[in-house]
Novice: 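Let me give you the structure first, and then I'll get to my questions.
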4 protein chains.
Amino acid sequence: MPTKVAPDPSRRSETARRAILAAALDLVGKVGYAKLTIEGIAQAAGVGKQTIYRWWPSKGPLFFDAFLTLAGDGEAAALPDTGDLAADLKLVLSATVDELNDLGFDQTMRALHTEIVHDPNLAADYATRLDGPMRELKKERLRSAQRAGQLAEDVDLDVAVDLIWGPVLNRWLHRTAPLTSDYACQVVDTALRGLQPR
Amino acid sequence: MPTKVAPDPSRRSETARRAILAAALDLVGKVGYAKLTIEGIAQAAGVGKQTIYRWWPSKGPLFFDAFLTLAGDGEAAALPDTGDLAADLKLVLSATVDELNDLGFDQTMRALHTEIVHDPNLAADYATRLDGPMRELKKERLRSAQRAGQLAEDVDLDVAVDLIWGPVLNRWLHRTAPLTSDYACQVVDTALRGLQPR
Amino acid sequence: MPTKVAPDPSRRSETARRAILAAALDLVGKVGYAKLTIEGIAQAAGVGKQTIYRWWPSKGPLFFDAFLTLAGDGEAAALPDTGDLAADLKLVLSATVDELNDLGFDQTMRALHTEIVHDPNLAADYATRLDGPMRELKKERLRSAQRAGQLAEDVDLDVAVDLIWGPVLNRWLHRTAPLTSDYACQVVDTALRGLQPR
Amino acid sequence: MPTKVAPDPSRRSETARRAILAAALDLVGKVGYAKLTIEGIAQAAGVGKQTIYRWWPSKGPLFFDAFLTLAGDGEAAALPDTGDLAADLKLVLSATVDELNDLGFDQTMRALHTEIVHDPNLAADYATRLDGPMRELKKERLRSAQRAGQLAEDVDLDVAVDLIWGPVLNRWLHRTAPLTSDYACQVVDTALRGLQPR
DNA sequence: CCGTAAACGAGACGGTACGTCCAGTCTTCTC
DNA sequence: GAGAAGACTGGACGTACCGTCTCGTTTACGG
């Protein structure tokens with residue numbers, strides 16, 4: 001006996017859907033995630049609140065959806081492969097650092113991160129839709145490096161990816177110290193070379 | 001012309017302070033951080049709301065304070081140093097993994113993490129009061145390893161710490177995959193050896 | 001340039017119409033007039049909301065229509081005429097009192113009354129379709145009494161009707177005191193005899 | 001185990017209370033009772049909605065309270081007593097007719113009436129606070145008439161009051177016909193003389 | 001030892017947003 | 001083309017907390 005009947009997606013208004021997602025993303029940039037409200041989104045999108053509640057359970061998944069739909073599409077660019085693994089990684093990681101230092105992007109990404117951290121469902125969704133594909137590209141570049149003899153054969157590529165990108169993400173999140181390209185390069189070098197003496 | 005006079009800390013009721021901090025920490029475990037409210041804390045602590053607002057600006061710093069005061073005391077234990085760096089790191093990191101897999105601790109830590117991520121002031125406070133001392137202990141162990149010839153002399157110890165602890169924290173936060181001791185050990189081995197072939 | 005074209009009554013579905021009226025009357029008895037909603041009626045009648053809005057402007061007239069159509073038909077019974085005016089009036093008025101004391105009927109009648117009070121159009125409709133015919137029957141009985149010499153020749157029959165039925169209606173509406181047959185009889189006696197000493 | 005604790009009336013803000021009552025009465029005159037909303041009242045009174053809900057359960061009792069408090073005070077004037085009962089009653093009833101024909105007052109009174117009709121608690125309250133005292137004044141005038149030999153000794157005064165005022169109220173409510181002073185006079189004459197021939 | 005000033009508990013206040021319900025309109029698909 | 005179904009904008013509902021603001025009531029210090 002379901003109390004709440006699921007709405008029929010085939011009748012869904014695409015206009016309203018896009019207006020809502022766009023308004024959500026727009027407002028996060030303007031007022032920040034903490035002050036983002038369903039009411040505000042509805043108003044900005046010219047939509048009744050019920051239309052939001054009909055399709056999303058709450059602010060988190062809505063924002064998440066907005067991000068993935070509007071910001072996440074067409075992310076399929078492969079990592080550069082010049083033959084020099086260290087240089088390529090430094091380039092990519094520096095670009096990431098620059099993005100994260102952009103104030104608008106920073107705010108949006110922190111909001112996204114928080115939702116992921118608190119909602120396992122969103123985390124799974126994120127893993128499938130964004131992190132998974134990105135990680136595959138990263139691993140592809142590392143596999144290429146293995147073929148070129150620049151990466152040990154027996155390294156677990158997931159661990160390798162974590163080793164390179166993890167520290168940067170953490171420094172960004174916790175603001176332990178300023179997040180710079182230099183730091184990114186240091187991480188790459190250290191990860192590649194290892195901590196032990198050689 | 002200050003409209004708001006600062007309260008006199010010397011007259012502060014220690015009873016009320018501890019009751020508030022205890023109630024805050026207790027409630028986070030019970031209802032989760034999202035449903036933690038000042039009103040709820042006040043009621044649970046048997047305290048007027050004003051008494052909370054007099055001493056803390058908002059929920060975040062209050063919870064942060066509660067965590068540091070009640071959970072963070074007596075953290076001063078040095079890392080084990082058996083002479084085998086890899087083994088010691090694996091031991092410590094596995095213990096961390098176990099803690100993070102504890103449901104109550106997990107929830108509290110995620111709340112703490114979120115506050116840090118969103119409030120630079122708290123991030124600074126956290127760096128000073130918790131992360132700083134811990135990091136110093138970690139670096140101390142690494143310095144010892146350098147003296148023992150188990151760690152390259154020219155490695156930046158901050159980067160080293162990030163390389164070892166960062167991946168574990170990230171996997172915990174994003175739930176990319178189950179967080180296990182095995183993973184922790186893999187990270188330690190890979191970080192020490194480096195990604196390049198030797 | 002009328003935006004809204006009137007629907008063609010000849011194509012109207014009699015099935016839907018009756019289902020709607022029946023559902024409306026049924027629901028009033030179940031949930032009360034205040035909680036009666038167009039949406040609820042549509043659902044109970046197995047009818048689209050638009051079908052209701054096509055034929056009725058709002059809840060009030062719809063309910064009014066429902067009442068007149070389903071409860072008001074066949075009201076054409078003349079008042080008893082045994083030759084004893086007082087006895088006949090007491091009989092009729094006591095019956096009315098009993099009806100009004102019936103809980104279901106009471107609720108429905110109060111709803112009807114409220115609509116009439118607030119909407120002059122409905123009041124006119126009511127006067128034409130229900131109150132008018134009823135009043136005519138009452139006056140007919142009074143005219144008969146005049147012919148029998150039981151009622152003064154120069155009495156305005158409308159005023160007479162008001163004098164007899166008005167007090168009962170008011171006591172019912174305002175619940176000044178319990179509505180009983182005794183009261184009805186007292187009203188009849190007093191109205192017939194007059195307030196002045198004789 | 002009461003879920004909802006009663007608020008402490010001694011801490012109640014008299015300012016807010018009066019602002020709310022005034023706003024309610026004011027808005028009824030402006031937008032009508034049907035479009036009177038708690039939200040509107042709160043806004044007009046410069047008050048939080050909770051402050052309304054803290055002290056009144058819903059729109060009905062609030063409006064009722066507003067009417068009694070602001071319009072009902074100082075109603076203690078006795079009915080005129082010139083010695084001529086019929087004349088005095090006609091005067092009073094004509095004044096009532098005039099009031100009821102005033103558009104603003106009409107709307108407010110209909111709203112009040114509806115609330116009384118639908119809520120027995122309000123009916124009781126009304127009987128105690130407004131109708132009771134008024135009725136007592138009316139009966140006092142009638143008693144005086146009895147002493148003067150203008151009213152039969154054995155007439156039930158409550159019934160007498162109903163006989164005189166009831167018809168006017170009904171005609172006003174149902175708009176059976178225009179409500180005029182003439183009608184009021186007719187009612188008085190007929191009630192006094194009685195319907196029977198003399 | 002007592003007056004007094006600050007912190008305290010309690011909780012009412014003006015607000016904001018919540019999530020729900022329903023009004024009345026619009027759209028789509030069926031009979 | 002009327003009707004069923006139901007998604008849409010809009011707006012009020014009643015609730016939960018926010019952060020501010022009195023209230024009396026302790027509490028502890030200085031005269």
Side-chain angles (χ1 to χ4, degrees), chain A residues 4-5 7-13 15-17 35-40 42-43 45-55 57-59, chain B residues 4-5 7-13 15-17 19 35-43 45-55 57-59, chain C residues 4 7-13 15-17 19 35-40 42-43 45-55 57-59, chain D residues 4-5 7-13 15-17 19 35-43 45-55 57-59:
Chain A
K4 202 161 205 169
V5 268
D8 179 355
S10 75
R11 302 196 144 230
R12 184 168 186 179
S13 158
T15 315
R17 185 179 144 267
K35 291 191 178 172
L36 183 68
T37 64
I38 298 277
E39 221 148 57
Q43 192 140 33
V47 139
K49 279 203 289 177
Q50 197 57 54
T51 301
I52 295 182
Y53 283 111
R54 194 162 15 239
W55 304 110
S58 60
K59 187 176 81 164
Chain B
K4 201 164 205 166
V5 266
D8 178 357
S10 75
R11 314 201 98 198
R12 183 168 186 179
S13 158
T15 316
R17 186 180 144 267
K35 291 190 178 173
L36 183 68
T37 64
I38 298 277
E39 221 148 59
I41 295 169
Q43 191 139 32
V47 138
K49 282 203 290 177
Q50 196 56 245
T51 302
I52 295 182
Y53 284 110
R54 189 155 25 231
W55 304 109
S58 62
K59 186 175 82 162
Chain C
K4 200 164 207 166
D8 178 356
S10 74
R11 309 200 119 219
R12 182 169 189 180
S13 156
T15 316
R17 186 180 143 266
K35 291 191 178 173
L36 184 69
T37 64
I38 299 277
E39 220 148 58
Q43 190 140 34
V47 139
K49 281 203 291 178
Q50 196 55 244
T51 304
I52 295 182
Y53 282 110
R54 203 174 351 252
W55 303 109
S58 62
K59 187 175 82 163
Chain D
K4 202 162 204 166
V5 267
D8 179 355
S10 75
R11 301 194 148 237
R12 184 167 188 180
S13 158
T15 314
R17 186 181 144 264
K35 290 191 178 172
L36 183 67
T37 64
I38 298 276
E39 221 149 58
I41 296 169
Q43 192 141 34
V47 140
K49 280 203 288 177
Q50 197 57 50
T51 302
I52 295 182
Y53 283 111
R54 191 156 25 232
W55 303 110
S58 61
K59 186 176 82 163

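Numbered from 1 within each chain, the chains take letters A, B, ... in sequence-line order. The model shown is predicted, which means the values in this text are computed figures rather than measured ones.
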Novice: Side chain of Arg11(B) only, heavy atoms from C-beta on: which candidate in dC13(F), dC26(E), dA6(E) is closest?
Specialist: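 From the listed options, dA6(E) comes nearest.
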Novice: dG3(F) phosphate, OP1 or OP2: any side-chain N/O from Trp55(C) under 4.0 angstrom?
Specialist: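 Yes, because at least one side-chain N or O of Trp55(C) sits under 4.0 Å from OP1 or OP2 of dG3(F).
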Novice: How about Arg17(B) and Trp55(B): do any of their side-chain heavy atoms sit closer than 4.5 Å?
Specialist: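 A side-chain contact under 4.5 Å is absent here.
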Novice: Starting at the 5' end of DNA chain E, which residue's closest nucleotide do you reach first, Pro57(C) or Val47(D)?
Specialist: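 Checking each residue's closest nucleotide, the 5'-ward one belongs to Val47(D).
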Novice: Whole angstroms only, please: what is the CD-P distance between Gln43(B) and dG9(E)?
Specialist: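 Those two atoms, CD and P, are 13 Å apart.
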Novice: Hey, is the side chain of Arg54(B) poking within less than 4.0 Å of OP1 or OP2 on dC8(E), counting only N and O atoms?
Specialist: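 For dC8(E), OP1 or OP2 has a side-chain N or O of Arg54(B) closer than 4.0 Å.
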Novice: Round to the nearest Å and state the distance from Lys59(A) atom NZ to dG19(E) atom P.
Specialist: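 So the two atoms are 10 Å apart, to the nearest Å.
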Novice: For dG9(E), does either OP1 or OP2 sit under 4.0 Å from a side-chain N or O belonging to Thr51(B)?
Specialist: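 True: Thr51(B) side-chain N/O within range (under 4.0 Å) of dG9(E) OP1/OP2.
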Novice: Between Lys35(B) (NZ) and dC17(F) (P), how many Å, whole number?
Specialist: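 It works out to 9 Å between those atoms.
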Novice: Which heavy-atom pair separates Lys59(B) from Leu36(B) by the least distance, and what is that distance?
Specialist: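 Heavy-atom minimum between the residues: CD-O, 3.1 Å.
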Novice: Between Ala45(C) and Thr37(B), which has a closest nucleotide on DNA chain F that is more 5'?
Specialist: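 Per heavy-atom nearest nucleotide, the more 5' residue is Ala45(C).
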Novice: Find the distance Ile38(A):CD1 to dA16(F):C1' and express it as a whole number of Å.
Specialist: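 About 16 Å, once rounded to whole Å.
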Novice: Starting from P on dA17(E), measure out to CD1 on Ile52(A) and report it in whole angstrom.
Specialist: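 Nearest whole value for this atom pair: 13 Å.
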Novice: Have a look at Gly46(C) and say if it touches a base, only the backbone sugar-phosphate, or nothing, with a 4.0 Å heavy-atom cut-off.
Specialist: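 Contact class for Gly46(C): sugar-phosphate only.
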Novice: If you pin Ser58(D) and Gly48(A) to their nearest nucleotides in DNA chain F, which one's is more 5'?
Specialist: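 That would be Gly48(A).
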Novice: Answer yes or no: side-chain N or O of Glu39(B) and base N or O of dC18(F) forming a donor-acceptor pair under 3.5 Å.
Specialist: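 Result: no qualifying N/O pair found.
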Novice: Rounded to the Å, how far apart are Leu36(C) CG and dC21(E) P?
Specialist: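 Rounding to the nearest Å, CG of Leu36(C) and P of dC21(E) are 17 Å apart.
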Novice: From Lys49(B) NZ over to Thr37(B) OG1, what is the distance, rounded to the nearest 0.5 angstrom?
Specialist: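 Spacing of NZ (Lys49(B)) from OG1 (Thr37(B)) equals 9.0 Å.
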Novice: Check every atom of dA7(F), dG15(E), dC13(F) against the side chain of Gln50(D) and return the nucleotide holding the closest atom.
Specialist: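 Nearest to the side-chain atoms of Gln50(D), counting from C-beta on, is dG15(E).
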Novice: What is the separation between atom CZ on Arg12(D) and atom C1' on dA10(E), rounded to the nearest whole Å?
Specialist: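 It is 19 Å, rounded to the nearest whole Å.
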Novice: Quickly work out the Asp8(A) CG to dA4(F) C1' distance and round it to whole Å.
Specialist: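 From Asp8(A) CG to dA4(F) C1': 14 Å.
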Novice: dT20(E), dA17(E), dC17(F): which one has an atom nearest the side-chain heavy atoms of Lys49(D)?
Specialist: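 Closest of the options to the side chain of Lys49(D): dA17(E).
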